[in-house]
Amino acid sequence: MSTLHEGKSSAQSNPLFQLGKERLELIGKHADALMQGYLQGHVDESSFSHQALEKLINGRILWRPDEQQPLSLRPNVNELIAGLTQDERKRQINSDVGEHLDLIHTRVQSLQTARQKGDYAASEHHMQLLTERVHDMTGQFGDAIESLWHRLNTEFGFVSSLDDKILEIELAQRQLRRILDGFKIISFEDLIQLAGSDGALRKLLVSQLQARISEHSGSLLEVQKRLVLLMARFRHQQERALLVNRMSAFLRQHPNFKVGDYPNRSNVPEVINQAHGISAQGFVALDRPQDSYALAELARAIPRDLVPASQSETQTQGFATAVQDLVATEQKQLAKDVEDFFLHVIESTEAVSGVDYLAENALPWEAEMWLFQIVAEFEGLPQQNKQSFMLEKDSARKSPFNHLHIIQDVKLGMRFFGDFQAVG
């Protein structure tokens, strides 16, 4: 009997026992108002005092899903009441995100059907249940993230060994990946199509849900940073502890081992003697006039370049001149071919394509360079001569995100042709 009394007293001294007892008593004290909030979908704040509201919020019994939304019961409290009362209408059999999304689709279809029939009471009821379902889904994400923070801030303190701490981090990382996989299941494109032109549905299923998911994603990012930092720290500690343990085991196997003075040894093991010899840097002491003769001898001993500088400069200038001459020759040839193209256009009875002319005459120029030279030659004509020609540019838009157009071909013709129109 004394053993049973001791076990009961030890359980009551547990902080978790006291915390659970206080929160259960808090639920029982405000049972009427909480049950009314369960049935209505939101809690009437006027039913509580300011101090009682703070206790209920801090006790994770009430929460505010959004700044514009009223206070409501936490998803786990909703689930508890639904399980106790066997209320299948609000009972969450599975917290899987995919099931939440399926129920949201079903609820939206029921809402639209009720509106088509003109049953406004049923539509309001479906809208309330839909709002609760969305808030429950985001609330479960929030609870999972808070459990991650709880794991990081408290549970690591009760783990003794480094290996257990690393295992706890790996469990937290797997939980984080599951939450991220839940985010990936939510397709806002499908929700936008589901809401259609209904403003209330678009606000609930798109804007508010997206804001909550973005907030949870930011919290998960902070959790992930903390996990990476802790993992790196524990791995470093594990590496040092492993080195000390293995060194201790080695010393137990070799009790007479003595660490040698390796820096002062001439012959050291190859695994240690890996660094090359260090060459000390020397500088000229200009403040010592007695060393002027030695400095002069050193200067005369410096090897000199046997090739004269003037010859090297001449060779460099000759090379540069040869390259410039080659470029100038190619430019003249390109200009002459473009002039021949203009003469061909004058003699032709129709507009001539620049790309077709380039291919037919097998000219050695790139299409981009050829078209650029044609446009430049056309723009360089005197205004009186330019009026005799009409230039059409065949261009395509490069990307839908800018107004950059790439010229693919140009057509040049004489202005007296009536079926040819110029495009700037």
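What you see is a predicted model, and the numbers here were worked out from it, not measured in a lab.
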Visitor: Check the pair Gln331 / Gln373 against side-chain contact (heavy atoms from CB on, under 4.5 Å), numbers first and verdict last.
Guide: CA-CA 10 Å; Gln331 184 64 30; Gln373 187 65 28; 3.6 Å; yes

Visitor: Would you indicate whether the side-chain heavy atoms of Trp63 and Leu73 approach each other to under 4.5 Å?
Guide: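 They are not in side-chain contact.
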
Visitor: For Ala114 and Ser123, work out which heavy atoms get closest and say how close.
Guide: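 Residues Ala114 and Ser123, closest heavy atoms: CB-N, 3.8 Å.
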
Visitor: Is the closest side-chain heavy-atom distance between Leu220 and Phe183 below 4.5 Å?
Guide: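 In contact.
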
Visitor: Do the side chains of Leu334 and Trp370 get nearer than 4.5 Å, heavy atoms only?
Guide: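 Sidechains of Leu334 and Trp370: in contact.
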
Visitor: State, yes or no, whether a side-chain contact exists between Leu19 and Arg23 at a heavy-atom distance under 4.5 Å.
Guide: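 Yes, side chains in contact.
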
Visitor: As an exercise, state the distance from OG of Ser207 to CD1 of Ile192, rounded to the nearest 0.5 Å.
Guide: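 It comes to 10.0 Å.
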
Visitor: Step by step, would you call Asp32 with Gln36 a side-chain hydrogen bond (donor to acceptor under 3.5 Å, both in side chains)?
Guide: CA-CA 6 Å; Asp32 294 337; Gln36 190 68 25; over 6 Å; no

Visitor: Any side-chain heavy atom of Arg74 sitting closer than 4.5 Å to one from Ile61?
Guide: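 They are not in side-chain contact.
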
Visitor: Taking all heavy atoms of Phe141 and all of Ile186, pick out the closest pair and write down the distance.
Guide: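 Looking at all heavy atoms of both residues, the closest pair is CE1-CD1, 4.1 Å.
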
Visitor: Report the C-alpha separation of Lys386 and Glu379 in whole Å, then their side-chain angles, then the decisive distance to 0.1 Å, and conclude whether the side-chain contact (heavy atoms from CB on, under 4.5 Å) test is met.
Guide: CA-CA 8 Å; Lys386 187 187 296 185; Glu379 296 295 338; 3.5 Å; yes

Visitor: Can Leu130 and His126 be said to form a side-chain contact (heavy atoms from CB on, under 4.5 Å), step by step?
Guide: CA-CA 6 Å; Leu130 178 63; His126 290 305; over 6 Å; no

Visitor: Please check: side-chain N/O of Ser248 versus main-chain N/O of Val244, any donor-acceptor pairing under 3.5 Å?
Guide: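 No; zero donor-acceptor contacts below 3.5 Å.
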
Visitor: Is there a side-chain contact (heavy atoms from CB on, under 4.5 Å) between Gln173 and Ile169 once you walk through the steps?
Guide: CA-CA 6 Å; Gln173 288 177 341; Ile169 292 182; 4.0 Å; yes

Visitor: Between Glu215 and Arg212, is there a salt bridge with N-O shorter than 4.0 Å?
Guide: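 A salt bridge links Arg212 with Glu215.
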
Visitor: Nearest 0.5 Å, please: how far is CD in Glu124 from CG in Leu111?
Guide: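 Result: 8.5 Å between the selected atoms.
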
Visitor: Please report the shortest heavy-atom distance between Gly196 and Arg202, naming the atom on each side.
Guide: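 Shortest heavy-atom contact: O-NH1, 3.0 Å.
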
Visitor: Rounded to the nearest 0.5 Å, what's the gap from CG on Leu227 to CD on Glu222? Could you check?
Guide: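 Rounded to the nearest 0.5 Å, the CG-CD separation comes out at 11.5 Å.
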
Visitor: Would you say the side-chain atoms of Ser348 pair up with the backbone N or O of His344, donor to acceptor, closer than 3.5 Å?
Guide: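 Judged by distance alone, no pair lies under 3.5 Å.
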
Visitor: Please confirm whether the ring centroid of Phe342 lies under 6.0 Å from the ring centroid of Phe378.
Guide: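 For Phe342 and Phe378, the ring centres are not under 6.0 Å apart.
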
Visitor: List the atom of Phe48, the atom of Leu34, and the distance in Å for their closest heavy-atom pair.
Guide: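 Answer, listing the atom of Phe48 first, then Leu34: CZ-CD2, 4.3 Å.
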
Visitor: Are the side chain of Ser47 and the backbone N or O of Val43 linked by a donor-acceptor pair below 3.5 Å?
Guide: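 Side chain of Ser47 to backbone of Val43: no pair is present.
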
Visitor: What residues, two or more places apart in sequence or in another chain, satisfy salt bridge (charged side-chain N to carboxylate O under 4.0 Å, His left out) together with Asp198?
Guide: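 For Asp198 the salt bridge (charged side-chain N to carboxylate O under 4.0 Å, His left out) partners, ignoring immediate neighbours, are Arg115.
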
Visitor: Classify the side-chain pair Gln238/Arg235 by whether it contains a donor and acceptor separated by less than 3.5 Å.
Guide: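 Yes.
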
Visitor: Please report the closest heavy-atom contact between Pro255 and Arg252, naming both atoms and the distance.
Guide: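 Pro255 and Arg252 have their closest heavy atoms at CD-O, 3.9 Å.
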
Visitor: Going by atom types alone, do Gln140 and Asp136 pair a side-chain donor with an acceptor below 3.5 Å?
Guide: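 Distance-only check fails for Gln140 and Asp136.
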
Visitor: Any Lys/Arg nitrogen of Glu45 or Arg64 sitting under 4.0 Å from an Asp/Glu carboxylate oxygen of the other?
Guide: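 Yes, this pair counts.
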
Visitor: Okay, side chain of His254, backbone of Phe250: is any donor-acceptor separation there less than 3.5 Å?
Guide: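 Here the side-chain-to-backbone pair exists.
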
Visitor: Can you confirm whether Met231 sits close enough to Glu170 that some side-chain heavy atom of one is under 4.5 Å from a side-chain heavy atom of the other?
Guide: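 Yes - at least one pair of side-chain heavy atoms lies under 4.5 Å apart.
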
Visitor: For Val338 versus Ile374, what's the shortest heavy-atom pair and its separation?
Guide: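 Minimum heavy-atom contact is CG1-CA, 4.2 Å.
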
Visitor: Can you tell if the side chain of Leu412 reaches within under 4.5 Å of the side chain of Val352, non-hydrogen atoms only?
Guide: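 A side-chain contact under 4.5 Å is absent here.
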
Visitor: Any chance you could measure Ile145, atom CD1, to His216, atom NE2, to the nearest 0.5 Å?
Guide: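 If we round to the nearest 0.5 Å, Ile145:CD1 and His216:NE2 are 5.5 Å apart.
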
Visitor: Within the structure provided, determine whether Leu371 and Val375 are in side-chain contact (heavy-atom separation under 4.5 Å).
Guide: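 Not touching, per the 4.5 Å side-chain cut-off.
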
Visitor: Would you kindly say whether Glu54 and His50 are connected by a side-chain donor-acceptor distance under 3.5 Å?
Guide: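 A pair is found: one side chain offers a donor N or O, the other an acceptor, under 3.5 Å apart.
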
Visitor: Looking at CD1 of Ile179 and CZ of Arg174, how far apart are the two atoms once the value is rounded to the nearest 0.5 Å?
Guide: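 Between Ile179 CD1 and Arg174 CZ, I get 13.5 Å after rounding to 0.5 Å.
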
Visitor: Might you confirm whether atom CD of Glu189 has over 12 heavy atoms from other residues, nucleotides or ligands at distances under 6.0 Å?
Guide: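 At most 12 heavy atoms, drawn from other residues, nucleotides or ligands, come within 6.0 Å of this atom.
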
Visitor: Please report the interatomic distance CD1(Ile346) to CZ(Phe341), rounded to the nearest 0.5 Å.
Guide: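 Going from CD1 on Ile346 over to CZ on Phe341, the span is 11.0 Å.
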
